[in-house]
S.K.: 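Quick one: the structure is below, questions incoming.
If you're wondering where the values come from, they're calculated on a predicted model, not measured in any experiment. In what follows, every heavy atom counts, from backbone to side chain, and hydrogens, waters and symmetry copies are set aside.
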Amino acid sequence: MLGRRLYSRLITSAKPVDGFVGAIGNTPLVRINSLSKETGCNILGKAEFMNPGGSVKDRAALFVVEDAERKGLIKPGGTVVEGTAGNTGIGLAHVCRAKGYKCVIYMPNTQSQEKIDLLKMLGADVRPVPAVAFENPDNYNHQAKRFAESLDNAVWTNQFDNTANRQAHIETTGPEIWAQTGGQVDGFTCATGTAGTFAGTTRFLKEASGGRVKSFAADPPGSVIYSYIKSKGKDMVRGGSSITEGIGQGRITANLQPDIDLVDDALKIPDADTIAMLYRLLDEEGIYLGASSALNVVAAYEMAKILGPGKTIVTILCDGAYRYQSRLFSRKWLESKDLLEAIPEHLKKYIVLA
């Protein structure tokens, strides 16, 4: 009888889905027990690493491709081109394989080898280029745009300023969080890159709650979002650099612009706090997350302390650490970034790479 009861916990009412694209979304909302207990809040992470392509960017990838299809910008056998730091490219490569399109990815040459290798394994044409500011015509996004314009039957999906990205989270991520919490959510926080996830989810939760849900932008060093929000749009100060990939921004994207006035506050998260949280979550929760996800959890932890006990705070667990493990668990790399001592002594046992 006991065995039968335990087995019943594994059974869900979910029906089979239609291929890769049908499996995108409806990810679990995971309670982070140690932090919830410490703060007296309910700190929840949307487990986006459980999407079929392994990250939150599967949602945007699907929406920007289907938006191009609806607009007649791409036809069967065409080419999808994007400038991406990795996860959107991986999502697009999966979606393109599922839909029969070719995929070309321009990316900064600062990205992890794991991401580059995975993109190639998925059949994408990967073109790493020097990392330069958006204002530079050789920025990877501008190169992607020019290449798409040089081809017939090709589309540059323009993830940073294509608001189909934001729409993915208005239509899916936000409603899922609202349903999973029974509408009992008090705060939402995550970092921004394209800002599609942050802006779209913020927009839905604000409207669903009548403005009750607080929204805090989480920002790594080197990004202008924190200073822009804190100064109410007067400053755009960069200040430093970060180990995180795919988040942080030097401008206000078209995905963020419509919802910037909905943002209640911003949190600047140092890399030392991010790496310490990454190791803590592995040790205490058994959750193996990338740096951007760990930064989001730090932000949720800080937001919980600001809003006070009894609140429910939701953040985004973007992807897993396996896409960055050669860096995040390397003693040599951590030392090169002056982050080794940020990891508590009892957690250094997880540093298994030289």
Side-chain angles (χ1 to χ4, degrees), residues 24-27 29 43-48 51 55-67 70-71 87-88 91 157-219 223-226 228-230 232-233 246-249 251-267 292-293 295-296 299-300 303 306-307 311-318:
I24 295 172
N26 289 308
T27 54
L29 200 56
I43 297 180
L44 308 174
K46 191 85 163 102
E48 292 298 287
N51 276 303
S55 88
V56 65
K57 293 297 188 176
D58 287 2
R59 297 179 189 260
L62 178 61
F63 267 66
V64 295
V65 169
E66 293 193 338
D67 179 68
R70 282 192 298 273
K71 292 176 178 175
N87 279 336
T88 301
T157 43
N158 187 17
Q159 61 162 331
F160 287 90
D161 295 304
N162 181 346
T163 55
N165 175 350
R166 167 179 172 267
Q167 193 64 32
H169 303 283
I170 294 174
E171 293 187 22
T172 69
T173 315
E176 288 171 29
I177 290 169
W178 188 254
Q180 288 167 318
T181 60
Q184 299 304 304
V185 54
D186 300 291
F188 173 71
T189 183
C190 74
T192 70
T194 66
T197 305
F198 176 67
T201 305
T202 290
R203 167 63 65 177
F204 179 86
L205 293 177
K206 284 284 188 180
E207 291 186 351
S209 67
R212 176 180 56 80
V213 175
K214 298 293 184 184
S215 173
F216 288 10
D219 216 28
S223 175
V224 305
I225 303 301
Y226 174 82
Y228 186 90
I229 291 170
K230 284 292 192 181
K232 301 189 184 306
I247 59 172
Q249 187 52 263
R251 64 190 180 94
I252 304 302
T253 65
N255 281 294
L256 180 56
Q257 189 62 56
D259 303 314
I260 193 72
D261 292 338
L262 299 179
V263 182
D264 296 288
D265 206 349
L267 301 165
S292 59
S293 300
L295 181 148
N296 285 346
M303 188 179 199
I306 292 168
L307 296 188
K311 304 297 185 183
T312 294
I313 313 298
V314 177
T315 193
I316 303 294
L317 308 182
C318 315

S.K.: Output the distance between atom CD1 (Ile260) and atom CD (Gln257), rounded to the nearest 0.5 Å.
M.R.: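 Answer for the CD1-CD pair, Ile260 versus Gln257, is 7.0 Å.
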S.K.: In Å, rounded to the nearest 0.5 Å, how long is the span from OG1 of Thr163 to CG of Asp67?
M.R.: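 Rounded to the nearest 0.5 Å, the OG1-CG separation comes out at 7.5 Å.
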S.K.: In the structure I gave you, are the side-chain heavy atoms of Phe160 and Gln249 within less than 4.5 Å of one another anywhere?
M.R.: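 In contact.
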S.K.: Any side-chain to backbone donor/acceptor pair from Asn162 onto Thr157? Under 3.5 Å, distance only.
M.R.: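 Yes, because the side chain of Asn162 sits within donor-acceptor range (under 3.5 Å) of the backbone of Thr157.
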S.K.: Between Asn165 and Val64 (side chain of the first, backbone of the second, donor and acceptor by atom type, cut-off under 3.5 Å), is there such a pair?
M.R.: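 No, Asn165 side chain to Val64 backbone: no donor-acceptor pair under 3.5 Å.
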S.K.: Can you find a heavy atom in the side chain of Val263 that is under 4.5 Å from one in the side chain of Ile225?
M.R.: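 Of all side-chain heavy-atom pairs linking Ile225 with Val263, none is under 4.5 Å.
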S.K.: Can you give me the closest heavy-atom contact between Lys206 and Val213, atom names plus distance?
M.R.: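 Result for this residue pair: NZ-O, 2.9 Å.
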S.K.: Using the side chain to side chain contact (heavy atoms under 4.5 Å, CB included) rule, take Ser293 and Cys318 through it: C-alpha gap first, then chi angles, then the decisive distance, then the call.
M.R.: CA-CA 5 Å; Ser293 300; Cys318 315; 3.6 Å; yes
S.K.: In Å and rounded to the nearest 0.5 Å, what is the CD to CD1 distance from Glu48 to Ile24?
M.R.: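 Output value for this atom pair is 10.5 Å.
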S.K.: For Lys311, I'd like to know if atom NZ has over 12 heavy atoms of other residues, nucleotides or ligands within 6.0 Å.
M.R.: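 For Lys311, atom NZ is not crowded (no more than 12 foreign heavy atoms under 6.0 Å).
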S.K.: Show the nearest heavy-atom pair for residues Ala168 and Thr172, with the distance to one decimal.
M.R.: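 Closest pair (atom of Ala168, atom of Thr172, distance): O-OG1, 2.5 Å.
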S.K.: Working to the nearest 0.5 angstrom, can you tell me the gap between Phe216 CZ and Ile313 CD1?
M.R.: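 Answer rounded to 0.5 Å: 8.0 Å.
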S.K.: Under 3.5 Å, is there a donor-acceptor pair linking the side chains of Gln180 and Glu176?
M.R.: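 No donor-acceptor contact under 3.5 Å links the two side chains.
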S.K.: Under the rule for side chain to side chain donor-acceptor pair (under 3.5 Å), what residues qualify as partners of Asp58, not counting sequence neighbours?
M.R.: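 Checked Asp58 against side chain to side chain donor-acceptor pair (under 3.5 Å); zero matches.
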S.K.: Give the minimum heavy-atom separation between Ser215 and Thr202, together with the two atoms involved.
M.R.: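 It is OG-OG1, 2.9 Å.
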S.K.: Donor-acceptor pair, Asn51 side chain versus Gly25 backbone, under 3.5 Å?
M.R.: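 Side chain of Asn51 to backbone of Gly25, a donor-acceptor pair under 3.5 Å: yes, one is there.
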S.K.: Would you confirm whether Thr253, through its side chain, and Thr194, through its main-chain N or O, come within 3.5 Å as a donor-acceptor pair?
M.R.: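 Such a contact is found between Thr253 side chain and Thr194 backbone.
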S.K.: So which pairs with a foot in residues 159-169 pass salt bridge (Lys or Arg N to Asp or Glu O under 4.0 Å), sequence neighbours left out?
M.R.: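 Every pair satisfying salt bridge (Lys or Arg N to Asp or Glu O under 4.0 Å) with a residue in residues 159-169: Asp161-Arg251, Arg166-Asp259.
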S.K.: Under the 3.5 angstrom rule, does the side chain of Lys46 hit a backbone N or O of Thr27 as a donor-acceptor pair?
M.R.: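 Looks like yes, one N/O pair under 3.5 Å.
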S.K.: For Ile229 versus Ala217, what's the shortest heavy-atom pair and its separation?
M.R.: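 Heavy atoms of Ile229 and Ala217 come nearest at CD1-CB, 3.6 Å.
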S.K.: Can you see which heavy atom on Leu307 is nearest to which on Gly187, and at what distance?
M.R.: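 Between these two residues, the closest heavy atoms are CD1-CA, 4.3 Å.
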S.K.: Looking at Ala195 and Leu256, what are the two nearest heavy atoms and their distance?
M.R.: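 Ala195 and Leu256 have their closest heavy atoms at CB-CB, 3.5 Å.
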S.K.: Mind telling me whether Phe198 and Phe188 have parallel, tilted or perpendicular rings, with 30° and 60° as the class edges?
M.R.: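 Parallel: the ring planes of Phe188 and Phe198 meet at under 30°.
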S.K.: Could you measure the distance from the CG atom of Leu317 to the OG atom of Ser292? Nearest 0.5 Å is fine.
M.R.: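 Between atom CG of Leu317 and atom OG of Ser292 there are 9.5 Å.
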S.K.: State the CD1-CG distance between Ile306 and Asp264, to the nearest 0.5 angstrom.
M.R.: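 Ile306 atom CD1 to Asp264 atom CG measures 11.0 Å (nearest 0.5 Å).
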S.K.: Any side-chain heavy atom of Val224 within less than 4.5 Å of one from Asp219?
M.R.: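 The answer is no; the side chains never approach within 4.5 Å.
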S.K.: Distance-only, no hydrogens or angles: does the Thr189 side chain make a donor-acceptor pair with backbone N or O of Thr315 under 3.5 Å?
M.R.: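 Not a single qualifying donor-acceptor pair exists.
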S.K.: Counting C-beta onward and ignoring hydrogens, is there a side-chain heavy-atom pair between Asn87 and Val56 closer than 4.5 Å?
M.R.: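 No, every pair of side-chain atoms sits at 4.5 Å or beyond.
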S.K.: Do any pairs count as a salt bridge (Lys or Arg N to Asp or Glu O under 4.0 Å) and have a residue in residues 182-192, sequence neighbours left out, and if so which ones?
M.R.: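 Non-adjacent pairs meeting salt bridge (Lys or Arg N to Asp or Glu O under 4.0 Å): Asp186-Arg212.
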